[in-house]
Amino acid sequence: VLRVYRWAVQIAAESDVDPDLTGAAALLHDIVNTPKESSERSLASEKSAQQSSSHLERSGYDAQEQSTIIEAIRTCSWSRGLDATNDVGAVLQDADRLDAIGAIGIMRSMACAQAMRSRGTEGVFYDPVDPFGKEREELNDTRYAIDHFSKKLLKLTATMNTDAAKQEAKRRHRFMLQFLFELAQEI
């Protein structure tokens, strides 16, 4: 959350968007943590948006500010598939998606695979027969961590809203491609 917060505030400042509202949205965007393999994963941003209201009110945000922040949180999730409906939401999406790619994104992906495995999912890092899913009918990122690259991570760069995020996303995208190249060499 703190990495997303730092990016959100930086991108907001560079994009002429209120950094205070964007920062508040970033701090609360994952207040409800829904595991990746949960059938309710796509509802996580909606649940976080609902839980945010009381925190925002106690923190002194007026009704309009609360509405802006809550809407940004509601639409930020990749799983939900919604476009941002305000500038704060656009920046929050970018900051959240930047955190999912690059070196941190690779570490998060592998940590997520291990966490899912500890909760009973029969996941591994990659399919030993078809590591990059070229011959399988469907990618399965709850079973094979590396499938998450093709299912989501490599698509995020194209979804960035702001110029600042687009530049950083391109750099991180190149790094992920290099990682996949190195992985293929080692396998």
Side-chain angles (χ1 to χ4, degrees), residues 1-8 10-11 25-48 73 75-82 84 91-162 164-187:
V1 167
L2 292 178
R3 287 187 309 269
V4 173
Y5 170 80
R6 285 190 293 273
W7 271 108
Q10 179 180 332
I11 294 168
L27 290 172
L28 294 169
H29 84 282
D30 273 344
I31 197 166
V32 174
N33 184 3
T34 306
K36 179 181 174 176
E37 69 276 16
S38 170
S39 61
E40 295 192 358
R41 178 67 174 169
S42 65
L43 301 175
S45 62
E46 185 72 36
K47 290 179 178 184
S48 289
I73 294 168
T75 61
C76 78
S77 169
W78 165 267
S79 311
R80 184 117 169 139
L82 300 175
V91 172
L92 177 60
Q93 275 187 351
D94 284 358
D96 192 35
R97 292 171 185 186
L98 281 174
D99 197 57
I101 61 176
I104 295 280
I106 292 169
M107 290 173 38
R108 283 181 48 182
S109 186
M110 298 306 139
C112 181
Q114 290 301 294
M116 287 190 305
R117 188 174 174 98
S118 75
R119 294 188 295 264
T121 301
E122 295 183 18
V124 293
F125 291 135
Y126 58 86
D127 179 344
V129 176
D130 184 15
F132 300 100
K134 303 233 185 267
E135 304 299 322
R136 286 183 270 127
E137 281 186 37
E138 188 174 307
L139 295 173
N140 181 349
D141 60 352
T142 58
R143 175 107 172 105
Y144 304 114
I146 210 69
D147 284 10
H148 194 56
F149 283 77
S150 293
K151 279 195 81 160
K152 177 182 177 183
L153 302 183
L154 294 173
K155 296 176 181 178
L156 291 176
T157 298
T159 70
M160 296 298 164
N161 299 296
T162 63
K166 287 175 185 177
Q167 292 291 54
E168 180 63 18
K170 286 178 188 175
R171 187 188 69 74
R172 291 179 184 210
H173 187 91
R174 286 189 303 270
F175 180 81
M176 290 189 302
L177 292 175
Q178 182 64 36
F179 170 80
L180 292 172
F181 175 80
E182 292 295 331
L183 179 63
Q185 299 307 306
E186 292 181 22
I187 291 173

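Minimum heavy-atom separation, Ser150 to Lys155: O-CE, 3.3 Å. Counting all heavy atoms, side chain and backbone alike, Phe149 lies closest to Ile106 at CZ-CG1, 3.7 Å. Shortest non-hydrogen contact noted between Ile101 and Met160 is CD1-CE, 4.3 Å. Minimum heavy-atom separation, Gln93 to Leu82: NE2-O, 3.0 Å. A pairwise comparison of heavy atoms in Ser48 and Leu28 identifies CB-O, 3.9 Å as the closest pair. Taking all atoms of both residues into account, the shortest heavy-atom contact from Leu154 to Met176 is CD2-CE, 3.9 Å.
For Gln185, the CD atom is densely surrounded, since the number of other residues' heavy atoms within 6.0 Å is greater than 12. Enclosure of atom OH in Tyr126 is not indicated, since only 12 or fewer non-hydrogen atoms of other residues, nucleotides or ligands lie within 6.0 angstrom.
Taken to the nearest 0.5 Å, the CG atom of Leu156 stands 6.0 Å off from the NZ atom of Lys152. Note that CD1 of Ile187 is 11.5 Å distant from CZ of Phe125, once rounded to the nearest 0.5 Å. The structure places CD of Gln178 at 6.5 Å from CZ of Phe181, a figure rounded to the nearest 0.5 Å. Taking NZ of Lys166 as the reference point, atom OG1 of Thr157 lies at 11.5 Å (rounded to 0.5 Å).
Within the structure, salt bridge (charged side-chain N to carboxylate O under 4.0 Å, His left out) pairs that include any residue of residues 174-187 do not occur (at least two apart or interchain). Evaluation of the salt bridge (charged side-chain N to carboxylate O under 4.0 Å, His left out) test over residues 96-105, restricted to residues two or more places apart or in two chains, returns Arg3-Asp99, Asp99-Arg108.
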Trace of the side chain to side chain contact (heavy atoms under 4.5 Å, CB included) decision for Leu153 with Trp78: CA-CA 10 Å; Leu153 302 183; Trp78 165 267; over 6 Å; no
Derivation of the side chain to side chain contact (heavy atoms under 4.5 Å, CB included) call for Leu27 and Leu2: CA-CA 7 Å; Leu27 290 172; Leu2 292 178; 4.1 Å; yes
Derivation of the side chain to side chain contact (heavy atoms under 4.5 Å, CB included) call for Thr75 and Leu92: CA-CA 9 Å; Thr75 61; Leu92 177 60; over 6 Å; no
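Formation of a donor-acceptor pair under 3.5 Å by the Asp94 side chain with backbone atoms of Ala165 is not found in this model. With His29 contributing its side chain and Ala26 its backbone, the two residues share a donor-acceptor pair below 3.5 Å. Asp147 contributes no side-chain N or O that, together with a main-chain N or O of Leu139, makes up a donor-acceptor pair within less than 3.5 Å. Of the possible donor and acceptor atoms, none in the side chain of Arg80 sits under 3.5 Å from a partner among the backbone N and O of Glu46.
A salt bridge links Arg136 to Asp127: one of the charged nitrogens lies within less than 4.0 Å of a carboxylate oxygen.
Side-chain contact between Asp30 and Val4 is absent, with no heavy-atom pair separated by less than 4.5 Å. Annotation: side chain of Ile31 is not in contact with side chain of Val1 (no heavy-atom distance under 4.5 Å).
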